[in-house]
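Just so we're on the same page: letters track the sequence lines, and every chain starts at 1. Computed from heavy atoms alone, side chains included, the values below leave out hydrogens, waters and symmetry copies.
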Protein chains: 2
Amino acid sequence: MKTRKRFSARTSKIVSSREDPLSVQSVEKAFRVLTAFDGAIPSMGLTQLAASVGLDKSAAQRFTHTLMRLGYLRKDPDTRRFELTVKMLDLGYRYTRANPLIQRALPYLLHLSKTTEETVNLTVLDDTDIIFVSRFMSRHVLNNDVIIGTRMPAYCTAPGIAILSRLPPNEARNILKRSDLVVFTPYTTYRMDDLLKKLEISAAQGYATAFDEFYHGDLSIAAAILGQNRWPIGAINIAVSRTRFSPEEAVERFSSLVVAAALSVSQISNLRR
Amino acid sequence: MKTRKRFSARTSKIVSSREDPLSVQSVEKAFRVLTAFDGAIPSMGLTQLAASVGLDKSAAQRFTHTLMRLGYLRKDPDTRRFELTVKMLDLGYRYTRANPLIQRALPYLLHLSKTTEETVNLTVLDDTDIIFVSRFMSRHVLNNDVIIGTRMPAYCTAPGIAILSRLPPNEARNILKRSDLVVFTPYTTYRMDDLLKKLEISAAQGYATAFDEFYHGDLSIAAAILGQNRWPIGAINIAVSRTRFSPEEAVERFSSLVVAAALSVSQISNLRR
DNA sequence: AATTTTTGTATTGCATTATAATACTTTTTA
DNA sequence: TAAAAAGTATTATAATGCAATACAAAAATT
């Protein structure tokens, strides 16, 4: 009867291991535990954690123990709740330091930041999102809760459109199709044909714009960075506040700077096709 | 007889598992693989990776496979070398968002940053190091390769001294003893009794200073943030360039601001003992 | 250009490791 | 104060992860 219980209990696991026998399930579970914590759920007790990641108490126990030993998790001695440790930052730090694009772009971003005194970002694409990987905020900055690691949908951001516009058209189209096209503001471009038109315009002029599409009052101008195969590997953008510039002024002032910086970081001689 | 076989076959592993049978070794190995990459070694082939983390090729194969499936590692299709993906940033991001100290401190840091127009940092202690967890750079910034996640030795930084000075004296002493006291500049404080004196001064005046101790030309003033038990949980510092201020001017201008901000973020009514 | 060596990929039987049940302890709630 | 819930510790079992091996594909060398 013991065996029977076990059998029924593990059916799903057996299936999943069959699907990919090379994959180490313990590792996957450990990451399930780690990624159970975020801004909404900053700490959990063992039972709560176990429930939230779909493990039994024993398993949760072993993984929390392991992750504590490795230093990524700590348990508050009073509340006995688990929380992430600062060592988690090491992981992101490793990526930043190991990434040649970020290292190569750094001086250009700094230069842009100092000459314009506006907010300058480097972003990369991850499926349907862009992720901020390097950021220099101006003192006029609008938005303080965009930090390194923040994700935004590609379709409604200047960097996202700039990157998509340099992908083969059907690739870009696929990404847009997969995207959850939410209307964040009255100015959000969300209709597929409007988005495709934006891509065309971006490809033609060499830079993309997004005015009030995600945040109210945010004017953003971006140009894609291309790798050796002319494949877009990221984007540089400048973001300014509508209170200080009109869209036209912003384009006039910053588009050529952004394009020039993106070209400098690109591993090719000319951004145009 | 089973037990006997176990014993002979895998002596080293048995030892380690005996020491801590609750720990999941696969997870530990996965993290060995992930943390093999950094600025110095941004990418590796399978064999090289296996050698560098002390796994055989089979194991390296399974862990890279697993980590790729989870999205933290990618393999360049041309070079077949592995590298970290931007998903690593998610992990650090989770910590930042889940950490109540960082969230609580944010508005005060922003305020400091805007009013002073100087570089403002929030740091926490991790053993003998401080780690930058939040940072607002001024345009006069000296040092561009300090980013979120950067570690520095506590003993030669203002935030480090500020934090240590609020620990029980023998705790602070133990940390200093464990520290590798490197002389970075001619002004680095590295003798134990000088360091202890710095702690005393910091405790007495409520803020710590570090002038040219790690970077030439860097003047830093820090105050510790205390938790409910008056235990230091981090520090706020302002860093300015010697080209623009003398140490005395910097102290005069910024020490009270830093102390006030740290007190505001602290969960107590008064920074003094 | 051919050969050797190195590196990467795929497969499999075996036994160690991870598992999950259970018992026990402590804390919280009623 | 009792009951319930949460956390901790232990252990037999078998499924998982292991490492050997074979195969394939690039580099490196001749």
Side-chain angles (χ1 to χ4, degrees), chain A residues 1-30 32-33 43-69 73-83, chain B residues 1-30 32-33 43-69 73-83:
Chain A
M1 43 178 169
K2 253 187 179 174
T3 6
R4 196 150 151 220
K5 251 187 187 169
R6 286 201 177 180
F7 208 89
S8 55
R10 286 213 191 176
T11 310
S12 64
K13 284 183 189 172
I14 285 171
V15 168
S16 76
S17 83
R18 272 280 147 72
E19 277 171 9
D20 190 352
L22 207 60
S23 199
V24 180
Q25 298 179 42
S26 302
V27 175
E28 193 223 319
K29 288 173 193 167
R32 286 226 302 276
V33 169
S43 71
M44 280 188 266
L46 184 67
T47 306
Q48 186 189 357
L49 176 64
S52 98
V53 298
L55 296 173
D56 59 31
K57 215 164 56 165
S58 295
Q61 188 180 198
R62 278 178 303 108
F63 286 109
T64 52
H65 180 87
T66 305
L67 291 169
M68 281 175 62
R69 240 176 64 98
L73 220 54
R74 75 173 221 108
K75 176 160 56 179
D76 187 298
D78 302 324
T79 64
R80 278 174 304 158
R81 292 168 73 85
F82 295 98
E83 57 191 37
Chain B
M1 43 180 167
K2 251 190 180 175
T3 7
R4 195 149 151 218
K5 249 187 188 169
R6 282 194 182 183
F7 229 99
S8 55
R10 286 212 189 178
T11 311
S12 63
K13 283 184 187 173
I14 284 171
V15 168
S16 72
S17 80
R18 270 280 145 73
E19 276 169 11
D20 190 350
L22 207 59
S23 199
V24 179
Q25 297 179 42
S26 300
V27 175
E28 194 223 320
K29 289 175 194 166
R32 287 224 304 274
V33 169
S43 71
M44 280 188 268
L46 185 66
T47 307
Q48 185 189 357
L49 176 63
S52 96
V53 298
L55 296 173
D56 59 31
K57 215 165 53 165
S58 295
Q61 189 181 198
R62 277 178 304 106
F63 287 108
T64 52
H65 179 87
T66 306
L67 290 169
M68 281 174 60
R69 239 174 65 98
L73 220 53
R74 73 173 222 110
K75 176 158 58 178
D76 186 298
D78 301 325
T79 64
R80 279 175 302 158
R81 292 169 72 86
F82 296 97
E83 57 192 36

ask   = Mapping A/Phe63 and A/Asp78 to their closest nucleotides on DNA chain C, which lands nearer the 5' end?
value = A/Phe63
request  = Could you check if a side-chain atom of A/Leu55 sits within less than 4.5 angstrom of a side-chain atom of A/Leu49, using non-hydrogen atoms only?
outcome  = no
message = Please report the distance, rounded to the nearest Å, between CG in B/Leu73 and P in C/dG8.
response = 13 Å
remark   = By side-chain contact (heavy atoms from CB on, under 4.5 Å), B/Ala50 pairs with (sequence neighbours left out) B/Ala60
query = Below 4.0 angstrom from OP1 or OP2 of D/dT16, is there any side-chain N or O of B/Ser26?
reply = no
key: Heavy-atom side-chain proximity of A/Val24 to B/Val27 below 4.5 angstrom   = no
note = Whichever of A/Arg81 and B/Asp56 has the more 5' nearest nucleotide on DNA chain D, that residue is A/Arg81
Check: B/Lys75 and B/Met68 side chains under 4.5 Å, non-hydrogen atoms = yes
query = Between B/His65 (NE2) and D/dC18 (P), how many Å, whole number?
reply = 14 Å
inquiry  = Just to verify, what does A/Gln61 make a side chain to side chain donor-acceptor pair (under 3.5 Å) with, not counting sequence neighbours?
reply    = none
query = Hey, are the side chains of B/Met44 and B/Glu83 touching, using non-hydrogen atoms and a 4.5 Å cut-off?
reply = no
Check nucleotides 9-11 of chain C against the protein and report each pair of N or O atoms closer than 3.5 Å, with its distance, or say if there are none.
| from | atom 1 | to | atom 2 | distance (Å) |
| --- | --- | --- | --- | --- |
| C/dT9 | OP1 | B/Lys75 | NZ | 2.9 |
| C/dT9 | OP2 | B/Lys75 | NZ | 3.2 |
| C/dA10 | N7 | B/Gln61 | OE1 | 2.8 |

ask   = Quick one: B/Gln25 CD to C/dA18 C1', roughly how many Å, whole number?
value = 10 Å
remark   = When rounded to whole Å, the CE to P distance for the pair A/Met44 and D/dG7 reads 12 Å
task = In sequence, state the C-alpha distance, the side-chain angles, and the governing distance for B/Val53 and B/Lys29, and then conclude on side chain to side chain contact (heavy atoms under 4.5 Å, CB included).
result = CA-CA 8 Å; B/Val53 298; B/Lys29 289 175 194 166; over 6 Å; no
note = Between CG of A/Asp76 and C1' of D/dG7 the distance, given in whole Å, is 14 Å
request  = Name all residues meeting the side chain to side chain donor-acceptor pair (under 3.5 Å) criterion together with A/Arg80; count only those two or more places apart in sequence or in a different chain, and write none if there are none.
outcome  = none
note = Within residues 47-55 of chain B, those residues having any heavy atom closer than 4.0 Å to DNA chain D are none
query = Of all residues at least two apart in sequence or in a different chain, which pass the salt bridge (charged side-chain N to carboxylate O under 4.0 Å, His left out) check with A/Arg32?
reply = A/Glu28
